[in-house]
Amino acid sequence: MISKPKGTKDIYGTVAKRWKYVEKVIDEVMEKYHYGYIRTPLFESTELFHRGVGETSDIVTKETYDFLDRGERSMTLRPEGTAGVVRSYIEDKMYGDAIQPVKFYYNGTMYRYERPQAGRERELTQFGCEVLGSDDPAVDAEVISLAAQIYRILGLKNVTIHINSLGDADSRNNYRQALVKYFEPHLDLLCDDCKSRFAKNPLRILDCKVDGESELFENAPKMVDYLNEESKKRFEKVLEYLDILEIPYVVDSKIVRGLDYYNHTVFEFESDINETGSTMAIGGGGCYNQLVSELGGPEVCGVGFGSGMDRLLLALEHEGAQLPVKEDIDLYLLYVNDEEKKYAIYLAQELRMNGFIVEMENMKRSLKAQFKQADRLKAKFTIVLNSAELDEDEVTIKNTRTKEEEKVQIDALIYYLDENLEDDDFMCDCGDECHHHGE
RNA sequence: GCGAUAUUGGUGAAGUGGUUAACACGCUGGUUUGUGGCACCAGUACGCAAGGGUUCGAUUCCCUUAUAUCGCCCCA
């Protein structure tokens, strides 16, 4: 047997329906915020992902799917969405467009060469957005509120927004130095991982799982105190706008994000996915004011966020959120003899073209087994085709819920179904403003 | 890259160094010759991830590999 590659998943059945629903919500919300859908290549030049990420992390060396194509060009399966969007922005000179800022959203598979674990696959699906060309803090707030809206509409409740500011390049460097100075005398108290973080990426020390709660860490310098005046004002604006939007947040100085290209606002959406009560980031993002120029474009600001579908669905499941997923069918056609079967083939097609979800027997089952099948399919109606009745141009249709049977002229069948199929598909608890169903 | 645990039919699983691998669900058929969902009866793993080893004998012990789950590193 050939099995799927490590860290990949087959998605089908009810799970696939949940995915499609979530994707529909994403599309609708993105559209209202006026973000244009963008599809960029699944693979790009390796250099695209390696530049900008910097030398500090393992990402470049061991966590991307790299390969040489037949022309000996080094290619990489995209590990995230931002780089491709920024590349496209630069390549197509969108910074010259009349409409600014440029706003995009994406939704697609990404590839990371990692060991799978909870909420972490090698092939993953992420959606996200990018705004390029504006440094207005209102854009930061918009991006955050957009993500918050998607989560809210999906029914996710236990999500906390952690937000922080890294300031501009100067502030960030000052803070980095302060951290180094602070931890240096206590180096021997740190865990082994932190010792290497100290050398490679001191900001990450704050994320330590071993002794992140210790006194040493509590007294560590805070980013906020190292923001210069301008950066501080900018951050306050972002928070003010979030207040206007009535979006609750927690200022969390431990949010630093891993990569160097972030400036100013950074944020993460945390959900309590595990039974253990520990939290997991289901999305995050921030400003990246150097990435565009790093990749060969103009000095332009970017803001974006990305969110993992797998973790999002995990969180929805964990919270028991009800997604409006349709699992039943309208009608199941049963038959016994060949003449009836032929009519079933015809009738199924006819009714499907008229908008009904129709299924028919295709397994040569006994009539009894056909009824069982109709149950399993949760058919709202069944028709047992009967030669004698067909000669009279009529069928007996049975409502599986009320058990009532009725003789109906075949000509009147569509009308009958229209009348009798109630629209009780689902209830959703998104309040009066809910427009996302029934279309 | 590192670590822990696991891998038994269509599914959930129990179990043991030794004749026929529990139980349940499902599925198929029958009781009921074209109206099910209930009930009862019957059938349903030539095999316990793959390969190698130890042994008179292994699904059970050992090794290797693969896969899965969870964690570490990293986190875009």
Side-chain angles (χ1 to χ4, degrees), chain A residues 1-9 44 48-54 56-65 76-86 110-122 124 126 128 130 191-197 200-201 203-204 207-210 255-262 266 268 273-276 278 280-286 288 291 304-308 311 332 334-337 340 361 363-379 382-389 395-398 400-401 403 405:
Chain A
M1 187 187 69
I2 299 170
S3 50
K4 63 185 179 300
K6 184 194 281 285
T8 62
K9 263 193 213 161
E44 299 262 10
L48 173 64
F49 301 115
H50 285 199
R51 242 203 278 179
V53 164
T56 53
S57 70
D58 292 343
I59 288 172
V60 169
T61 57
K62 65 173 202 195
E63 292 174 12
T64 52
Y65 267 97
T76 296
L77 298 182
R78 66 179 181 197
E80 49 95 23
T82 304
V85 173
V86 171
M110 315 289 166
Y111 297 83
R112 300 177 182 182
Y113 197 85
E114 301 180 288
R115 291 291 282 270
Q117 53 187 335
R120 203 187 237 206
E121 306 283 338
R122 286 187 169 180
L124 56 136
Q126 275 197 337
E130 312 292 343
C191 69
D192 288 346
D193 286 333
C194 282
K195 282 176 188 139
S196 82
R197 287 186 186 117
K200 286 195 298 187
N201 193 354
L203 296 193
R204 295 292 301 178
D207 249 355
C208 183
K209 285 175 183 132
V210 182
I255 301 290
V256 295
R257 307 294 286 170
L259 300 187
D260 285 342
Y261 60 62
Y262 285 105
V266 289
E268 283 182 10
I273 287 177
N274 303 330
E275 280 72 20
T276 57
S278 68
M280 196 172 243
I282 56 170
Y288 43 89
L291 183 61
F305 95 96
S307 184
R311 288 188 179 189
Y332 191 72
L334 301 77
Y335 60 84
V336 174
N337 66 36
E340 292 156 1
E361 169 62 18
M363 291 294 288
K364 302 187 174 76
R365 273 177 274 240
S366 67
L367 195 63
K368 170 173 170 169
Q370 291 185 46
F371 271 106
K372 281 195 169 185
Q373 178 69 358
D375 278 345
R376 279 190 292 262
L377 291 169
K378 301 191 179 77
T382 58
I383 292 176
V384 181
L385 294 164
N386 177 302
S387 298
E389 283 183 350
V395 291
T396 300
I397 185 163
K398 182 170 186 173
T400 53
R401 192 169 49 78
K403 319 279 190 248
E405 283 189 327

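In the text below, chain A, chain B and the rest are named by the order of the sequence lines, each starting its count at 1. A quick note: this is a predicted structure, and the numbers were derived from the prediction, not measured.
Between the base of G34(B) and the side chain of Q370(A) there is no donor-acceptor pair shorter than 3.5 Å. A donor-acceptor contact under 3.5 angstrom links the side-chain atoms of R120(A) to the base of C74(B). Donor-acceptor pairing under 3.5 Å, judged by distance alone, is absent between the side chain of K372(A) and the base of U35(B).
Comparing C27(B) with G53(B), their P atoms sit 43 Å apart, to the nearest whole Å. For the C1' atom pair drawn from G52(B) and A42(B), the interatomic distance equals 42 Å after rounding to whole Å. Between the P atoms of A49(B) and G9(B), the separation comes to 8 Å (whole Å). U16(B) sits 44 Å from C74(B) when the C1' atoms are compared, rounded to a whole Å. A distance of about 33 Å separates the C1' atoms of G51(B) and G26(B), rounded to the whole Å. Taking atom P in both C62(B) and U69(B), the straight-line distance is 24 Å, to the nearest Å. For the C1' atoms, the distance from U20(B) to C46(B) is 12 Å, rounded to whole Å. Here, G17(B) and A13(B) have their C1' atoms 23 Å apart, quoted to the whole Å.
Taking 4.0 angstrom as the limit, R115(A) places none of its side-chain polar atoms (N or O) nearer than this to OP1 or OP2 of G3(B). Between R257(A) and A76(B), a side-chain N or O to OP1/OP2 separation shorter than 4.0 Å is present.
Pairing each heavy atom of F371(A) with each of V384(A), the nearest pair is CZ-CG2, 3.6 Å. The minimum heavy-atom distance between R112(A) and Q126(A), with the atom names listed, is NH2-NE2, 3.6 Å. Across every non-hydrogen atom of G84(A) and E44(A), the tightest pair is CA-OE2, 3.7 Å. For the residue pair V86(A) and L291(A), the shortest heavy atom distance occurs at CG2-CD2, 4.2 Å. Of all heavy-atom pairs between G304(A) and Y288(A), the closest is N-CE2, 3.8 Å.
Backbone-only engagement by R197(A) is indicated by non-hydrogen atom pairs under 4.0 Å involving sugar-phosphate atoms exclusively. In this structure, Y111(A) reaches neither bases nor backbone, as no heavy-atom distance under 4.0 Å exists between it and the strands shown. Using a 4.0 Å heavy-atom distance criterion, K378(A) is classed as making no nucleic acid contact. Within the nucleic acid shown, G7(A) comes within 4.0 Å of sugar-phosphate atoms alone, with no base atom in reach, counting heavy atoms only. Residue contacts shown for K6(A) are limited to sugar-phosphate atoms, with no base heavy atom under 4.0 Å away. No contact: E389(A) has no heavy atom under 4.0 Å from any strand. When heavy atoms are screened at a 4.0 angstrom cut-off, E114(A) is found touching base atoms of the nucleic acid.
At whole-Å resolution of the value, CD in E80(A) and P in C74(B) are 19 Å apart. At whole-Å resolution of the value, CD in Q126(A) and C1' in A76(B) are 7 Å apart. Separating the CD atom of E268(A) from the P atom of C74(B) is a distance of 14 Å, rounded to the nearest angstrom. The nearest whole Å value for the distance from the OH atom in Y332(A) to the P atom in U35(B) is 17 Å. In this entry the distance linking CZ of F371(A) with C1' of C27(B) reads 19 Å, nearest Å. Atom OH in Y261(A) sits about 11 Å away from atom P in C75(B), given to the nearest Å. Between K9(A) atom NZ and A68(B) atom C1' the separation is 13 Å, expressed in whole Å. The CD atom of E121(A) sits 13 Å away from the C1' atom of U67(B) (whole-angstrom rounding).
For K368(A), whose side chain is taken as the heavy atoms from C-beta onward, the closest listed nucleotide among U28(B), G30(B), C70(B) is G30(B). Relative to the side chain of R204(A), the nucleotides C27(B), U35(B), A76(B) differ in distance, and A76(B) lies closest. Between G71(B), G34(B), A76(B), one nucleotide has an atom nearer to the side chain of T64(A) than all others, and that is A76(B). Ranking C73(B), A76(B), G37(B) by closeness to the K398(A) side chain, first place goes to G37(B). Distance from the side chain of L259(A) is smallest to C75(B) among C75(B), U35(B), G29(B).
In this structure, G57(B) makes no Watson-Crick or G-U wobble pair, since no nucleotide meets both defining distances under 3.5 angstrom. When Watson-Crick and G-U wobble pairs are counted only if both distances are under 3.5 Å, U31(B) pairs with A39(B). Within the shown strands, A24(B) is the pairing partner of U11(B) under the Watson-Crick or G-U definition, both distances less than 3.5 Å. A50(B) is paired with U64(B) under the Watson-Crick or G-U wobble criterion, all donor-acceptor distances under 3.5 Å. When both distances must be under 3.5 Å, the Watson-Crick or G-U wobble mate of C72(B) is G1(B).
Judged as a salt bridge (Lys or Arg N to Asp or Glu O under 4.0 Å), and not counting sequence neighbours, R197(A) has no contacts. Remark: Q117(A) pairs with R120(A) by the side chain to side chain contact (heavy atoms under 4.5 Å, CB included) rule, at least two apart or across chains.
Comparing D193(A) and N337(A) by the nucleotide of RNA chain B whose heavy atom lies nearest to each, the residue mapping closer to the 5' end is N337(A). When each of L385(A) and V256(A) is assigned the nucleotide of RNA chain B with its nearest heavy atom, L385(A) is the one assigned upstream, toward the 5' end.
Taking a 6.0 Å sphere around OH of Y65(A), one finds it holds more than 12 heavy atoms contributed by other residues, nucleotides or ligands.
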One pair to check against side chain to side chain contact (heavy atoms under 4.5 Å, CB included): T382(A) and L334(A). What are the steps and the verdict? CA-CA 7 Å; T382(A) 58; L334(A) 301 77; 3.8 Å; yes

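Nucleotide G29(B) is shown with an anti base, its glycosidic torsion being more than 90° from 0.
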